[in-house]
Asks: 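Starting off with a structure, shown below.
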Amino acid sequence: MKSIVVFVLAVTCAIVGEVHAQQRMIGGKDTNIKDYPFMAHFTYFGDPVGNGAVLSDTWVLSAAIVVLGTPTSAYLVLLGSSDYRNGPQKFQVERKFLHPEYVGYDYNLGLAKLARRIKFSNVVRPIQIATDSPDYIRLTMLSFGQNDLGTSHLQKAEFDMSVDPNCISKLKEYEAKLVVQVGHGYCVTSPGGRGGHYFTDIGAPVVSSSNKLYAMFSFSEGPGGVTVVSVATRLLPHKEWIDKTMARFP
């Protein structure tokens, strides 16, 4: 079953963007979990598969592609450490929910319900979803994903989130463009004019300086490097689904 899921992930990544040996999180710098205590990392059968954000003492938000696999019990959510390989708190996933309209590009959101409750501390705390969703905003993206140094330390980098037609025009696939055009996603660019992500950045939270959650990294097209754009899922348009799903299983 694990090999099947790895195959599915590989095919999905091939659809939404080629995976190459590239830098990710252009301009990314190591940061401390105490500054971003909502940060989560997902593993599947022990392999890193993506990021997430703690929303409550039992719920973690990520991208749908991160939680596609079965059995659900093979997923662990790692919390409370600046390096997910160094003493994180581990929580088994009890249930998972993909957005019912997820089709590979749009609605790329998934929720994981933990098998036991989180005890909050200065290194593990929830984050609130922002109540606004401007069309142009500079935000911070956070990821444990693979990087050019091969480390597992939490990193952050600033990116511009927009619906800029010039940015959208750089997306190759019609379905990718449509995610942004209908208001469900942001077109993502680096302020320095460069971009690039590994697929292990999937589910990376995108937050404001006041730690309000605006979006989750969804996918990148192309091999990365100079002038590459990507897409992040805006959360406010999907907040009703998030709230209703969490309310069903408090």
Asks: Just wondering, do N108 and H99 contact through their side chains at under 4.5 Å, heavy atoms?
Replies: no
Asks: Heavy-atom distance under 4.5 Å between the side chains of I137 and Y186, does that happen here?
Replies: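 They are in side-chain contact.
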Asks: Who pairs with F38 by ring-ring contact (aromatic ring centres under 6.0 Å, His included), at least two apart in sequence or on another chain?
Replies: none
Asks: Any donor-acceptor pair under 3.5 Å linking the side-chain atoms of Y136 with those of D160?
Replies: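 There is no such pair (donor and acceptor under 3.5 Å, judged by atom type) between the side chains of D160 and Y136.
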Asks: Do L154 and N32 come within less than 4.5 Å of each other through their side chains, counting heavy atoms only?
Replies: no
Asks: With F120, which residues qualify under ring-ring contact (aromatic ring centres under 6.0 Å, His included), at least two apart?
Replies: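 Per chain and number, F120 pairs via ring-ring contact (aromatic ring centres under 6.0 Å, His included) with no residue.
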Asks: Can you tell if the side chain of L76 reaches within under 4.5 Å of the side chain of V93, non-hydrogen atoms only?
Replies: no
Asks: Is it true that Q128 and K212 share a donor-acceptor pair across their side chains at a distance under 3.5 Å?
Replies: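 Yes, because at least one side-chain N or O of K212 sits under 3.5 Å from a partner of the opposite role on Q128.
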Asks: Mind checking whether F249 and W59 have parallel, tilted or perpendicular rings, split at 30° and 60°?
Replies: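 Correct class here is tilted.
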Asks: Check the side chains of H153 and D83 for a donor-acceptor pair under 3.5 angstrom, ignoring hydrogens and angles.
Replies: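 Absent: no donor and acceptor within the cut-off.
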Asks: Do S81 and N86 have a side chain donor and acceptor closer than 3.5 Å?
Replies: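 Note: S81 and N86 side chains miss the donor-acceptor criterion.
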Asks: Determine whether V49 and Y75 make a side-chain contact, defined as any pair of heavy atoms from C-beta on separated by less than 4.5 Å.
Replies: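 Sidechains of Y75 and V49: in contact.
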Asks: In a table with atom names and distances, give each donor-acceptor pair under 3.5 Å that connects a side chain of residues 109-118 to protein atoms at least two apart or in another chain.
Replies:
residue : atom : partner : partner atom : Å
R116    : NH2  : K90     : O            : 2.7
R117    : NH1  : D57     : OD1          : 3.0
R117    : NH1  : D57     : OD2          : 3.2

Asks: Is the shortest side-chain heavy-atom distance between M246 and S56 below 4.5 Å?
Replies: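 Heavy-atom side-chain distance check passes, below 4.5 Å.
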Asks: Once salt bridge (charged side-chain N to carboxylate O under 4.0 Å, His left out) is applied, do any residues pair with D135, and if so which ones, sequence neighbours excluded?
Replies: R234
Asks: With sequence neighbours excluded, what pairs up with Y84 under the ring-ring contact (aromatic ring centres under 6.0 Å, His included) test?
Replies: H41, F144
Asks: For residues 236-250, which residue pairs qualify under side chain to side chain donor-acceptor pair (under 3.5 Å), counting only residues two or more places apart or in two chains?
Replies: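 Only K239-D243, E240-K244, W241-T245 qualify under side chain to side chain donor-acceptor pair (under 3.5 Å).
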Asks: Would you say that L139 contacts E158 through its side chain, given a criterion of any heavy-atom pair below 4.5 Å between the two side chains?
Replies: no
Asks: Just one of S230, S143, S220 clears the side-chain hydrogen bond (donor to acceptor under 3.5 Å, both in side chains) bar with D201, so which one?
Replies: S143
Asks: Compare all side-chain heavy atoms of L55 with those of I242 and state whether any distance is below 4.5 angstrom.
Replies: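 L55 vs I242: side chains touch.
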